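All chains are named by letter (A, B, ...) in the order of the sequence lines, taking the proteins before the strands, and each is independently numbered beginning at 1. All figures in this text were calculated on a predicted structure; none of them were measured in a lab.
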Amino acid sequence: MSNQDPETGSFFPRDRSWHPKAFTPDYKTSVVRSPQKALISFPNTISEITGPVFGHNILGELDHDLIRNFASPGESAIGERIIVHGRVLDERGRGVPGALIEVWQANAGGRYRHKNEGYVAPLDPNFGGCGRTITNQDGAYEFRTVKPGPYPWPNGVNDWRPAHIHFSLFGAGFAQRLITQMYFEGDPLIPLCPIVNAISDERAIEQLVAPLDMANTVPMDARAYKFDIVLRGRRSSLFENKLEGN
Amino acid sequence: MAQSLNRLKESAAQTAGPYVHIGCTPNFLGMTGVFPEDLGHSMVNDKTKGERITITGHVFDGTATPLKDALLEIWQADAGGLYNSPSELRGSADPNFTGWGRQPTDLGTGVFSFETIKPGRVPFGDGRLQAAHISFYIVARGINLGLNTRMYFGDEEEANGKDPILGRVEHKVRVPTLIAPRQGNTYTFEIHLQGDRETIFFDI
Ligand SMILES: [Fe+3]
């Protein structure tokens, strides 16, 4: 099956021991927001196999440049300039073309531009904190931003989130929908974070930590971090149950 | 020893957190000028085929408090039972219907609302028709991995009774958690994350 054929198979079952469990009491908000009854499993139907797909026509010129997409003309966001790039792959290792990626993050001081945010760190008038892009034929993407600051949050009396960027991803099927976070190599706050530690497998955590990528750094401008994201793979549809009449 | 399957692991999910609106619905927050409109805000236009309906409700936590920072997405077939997706090989869906919607819960009241059309029925794997339904994906602070559920229609009693997915539910007493009652053109779908009325969530 090439990338050009329409993707129609059902998805590999989700490995729910790799993902964080719903009930993770060290992350206190999860206590009353975690379903307690068993999930009910069923084989993918056309409702799960299909999903919305977004065209490049939705993208504006600066959508993937968070340094400039909220800034006044001629100005730019304050902070460590970075490029985040990588590929969206499926579990079979193939690039996922046409995947919509939406990102959001705090500014360089750790402050979000949000009505419910009360951290004392100042807003940057030239930084909004949202961006989006769509993967190319190889599943590759990139965007430019400033490195977000760590920030304190009301969980324990002194909990700080490691620096992170939130990622939302659409593959080709609604069952591939994924929201996750990217962390930065070497951040000492990563192993202290109750949200990170909701994931029990160390390898699953490492998969969310982007390494510094000096080879792709733009000299005298921006450092690069590489972040690959893996979405659920599809079964090869050769011997799958076909709908009657097909 | 044997060959490796060479499979990758799906990236682990992390919570969408309290500030999901910045990335997914910035205009709703009043952050205008970056994206012209929030994706998924409108699903229909004047030419969309099908019966216009509103779907509204809340997402309640285990203390029966509505979430005011949740984001919901829905995915559904068009009036003829086709999905607007490249993976839909049975025909071409209504070009005036996206099938996908995204709405935050109100920051003050926790109410969510979608303006859409009633979907047609789509087949199960063995060819039987499923009852008309809408797929939901729910994220929020405190939800580590997005939740999947389905809404069925209260005025489709006969089809619901024969639906292959609802038929898999062992504890029939829970089935009504997925069925939204109709009043006029509005279906009310109250989602409970915990408790006696905990909504059925699916592993899809
Ligand atoms: Fe955050």
Without swapping roles, check the side chain of A:Lys115 against the backbone of B:Gly30 for a donor-acceptor pair under 3.5 Å.
-> no
To the nearest 0.5 Å, how far apart are CZ in B:Arg150 and CD1 in A:Ile40?
-> 12.0 Å
So do A:Ile46 and B:Arg90 actually touch side chain to side chain, heavy atoms under 4.5 Å?
-> yes
Contact origin within B:Phe201 toward chain A - heavy atom pairs under 4.5 Å = both
Output the distance between atom OG (B:Ser85) and atom CD1 (A:Ile49), rounded to the nearest 0.5 Å.
-> 10.0 Å
Top contributor to chain B contacts, counting heavy-atom pairs under 4.5 Å, from A:His164, A:Arg113, A:Gln176, A:His166 = A:Arg113
Does anything in residues 15-22 of chain B get under 4.5 Å of chain A by heavy atoms, and if so which residues?
-> B:Thr15, B:Ala16, B:Pro18, B:Tyr19, B:Val20, B:His21, B:Ile22
Residue part contacting chain A, namely of B:Glu73, when any heavy atom lies under 4.5 Å | both
Consider only side-chain N and O atoms of B:Asn144 and A:Thr24, and report whether a donor and an acceptor are under 3.5 Å apart.
-> yes
Aromatic ring centroids of A:Phe54 and B:Trp100 under 6.0 Å?
-> yes
Engaged part of B:Ala13 at the chain A interface, taking heavy atoms whose separation is under 4.5 Å | both
Is the backbone of B:Lys9 close enough, under 3.5 Å, to the side chain of A:Gln207 for a donor and an acceptor to pair up by distance?
-> yes
Over 12 non-hydrogen atoms of neighbours within 6.0 angstrom of CZ in B:Arg52 | yes
Contact class of A:Lys28 relative to chain B, heavy atoms under 4.5 angstrom | neither
Is any side-chain heavy atom of B:Gln14 less than 4.5 Å from a side-chain heavy atom of A:Met182?
-> no
Would you check if A:Glu102 and B:Leu39 make a side-chain contact, meaning some heavy-atom pair closer than 4.5 Å?
-> yes
Mind checking whether A:Cys130 and B:Phe35 have side chains closer than 4.5 Å, heavy atoms only?
-> yes
Side chains of A:Ser30 and B:Ile143 in contact at under 4.5 Å (non-hydrogen atoms) | no
Side chain, backbone, both or neither: which part of B:Leu107 has a non-hydrogen atom closer than 4.5 Å to chain A?
-> side chain
Ranking A:Gln105, A:Arg203, A:Gln36 by heavy-atom pairs under 4.5 Å to chain B gives rank one to A:Gln36
Top residue by heavy-atom pair count (under 4.5 Å) with chain B, among A:Trp153, A:Phe12, A:Phe11, A:Phe167?
-> A:Phe12
Close side-chain approach of A:Arg234 to B:Ser87, heavy-atom, < 4.5 Å = yes
Identify which part of B:Val139 has an atom lying under 4.5 Å from any heavy atom of chain A, answering side chain, backbone, both or neither.
-> side chain
Side chains of B:Glu10 and A:His19: do they bring a donor and an acceptor to under 3.5 Å?
-> yes
Salt bridge flag under 4.0 Å for residues B:Asp203 and A:Arg14 | no
Contact origin within B:Ile165 toward chain A - heavy atom pairs under 4.5 Å | side chain
What distance do B:Ser135 atom OG and A:Arg177 atom CZ have between them, rounded to the nearest 0.5 Å?
-> 13.0 Å
May I ask you to decide if B:Arg141's main-chain N or O and A:Arg33's side chain share a donor-acceptor pair within less than 3.5 Å?
-> yes
Do the non-hydrogen side-chain atoms of B:Phe202 and A:Ser41 ever get within less than 4.5 Å of each other?
-> no
Scored by heavy-atom pairs under 4.5 Å with chain B, the best of A:Ile205, A:Leu231, A:Val196 is A:Val196
Identify which of A:Val32, A:Thr29, A:Asp15 forms the greatest number of heavy-atom pairs closer than 4.5 Å to chain B.
-> A:Val32
With no hydrogens and no angle check, is any side-chain donor or acceptor of A:Tyr27 less than 3.5 Å from a backbone partner on B:Gly142?
-> yes
NZ of B:Lys47: more than 12 outside heavy atoms within 6.0 angstrom?
-> no
Contact origin within B:Leu147 toward chain A - heavy atom pairs under 4.5 Å = side chain
Interatomic distance, OG@B:Ser11 vs CD@A:Glu91, rounded to 0.5 Å, equals 9.5 Å
Distance (rounded to the nearest 0.5 Å) between B:Leu29 CG and A:Trp104 CH2 | 12.0 Å
Which of A:Pro13, A:Ser47, A:Pro43 touches chain B most, by non-hydrogen pairs under 4.5 Å | A:Ser47
Check each atom of B:His133 against the heavy atoms of chain A and say whether the ones under 4.5 Å are side chain, backbone, both or neither.
-> side chain
Backbone N/O of B:Gly125 and side chain of A:Thr45: donor-acceptor pair under 3.5 Å = no
Heavy-atom distance under 4.5 Å to chain A: side chain of B:Asn148, backbone, both or neither?
-> side chain
Which atom pair, heavy atoms only, marks the closest approach of B:Leu145 to A:Pro20?
-> CB-O, 4.5 Å
Closest contact, heavy atoms only, B:Glu198 versus A:Lys37 = OE2-N, 2.9 Å
Can you tell if the side chain of A:Phe23 reaches within under 4.5 Å of the side chain of B:Gln194, non-hydrogen atoms only?
-> no
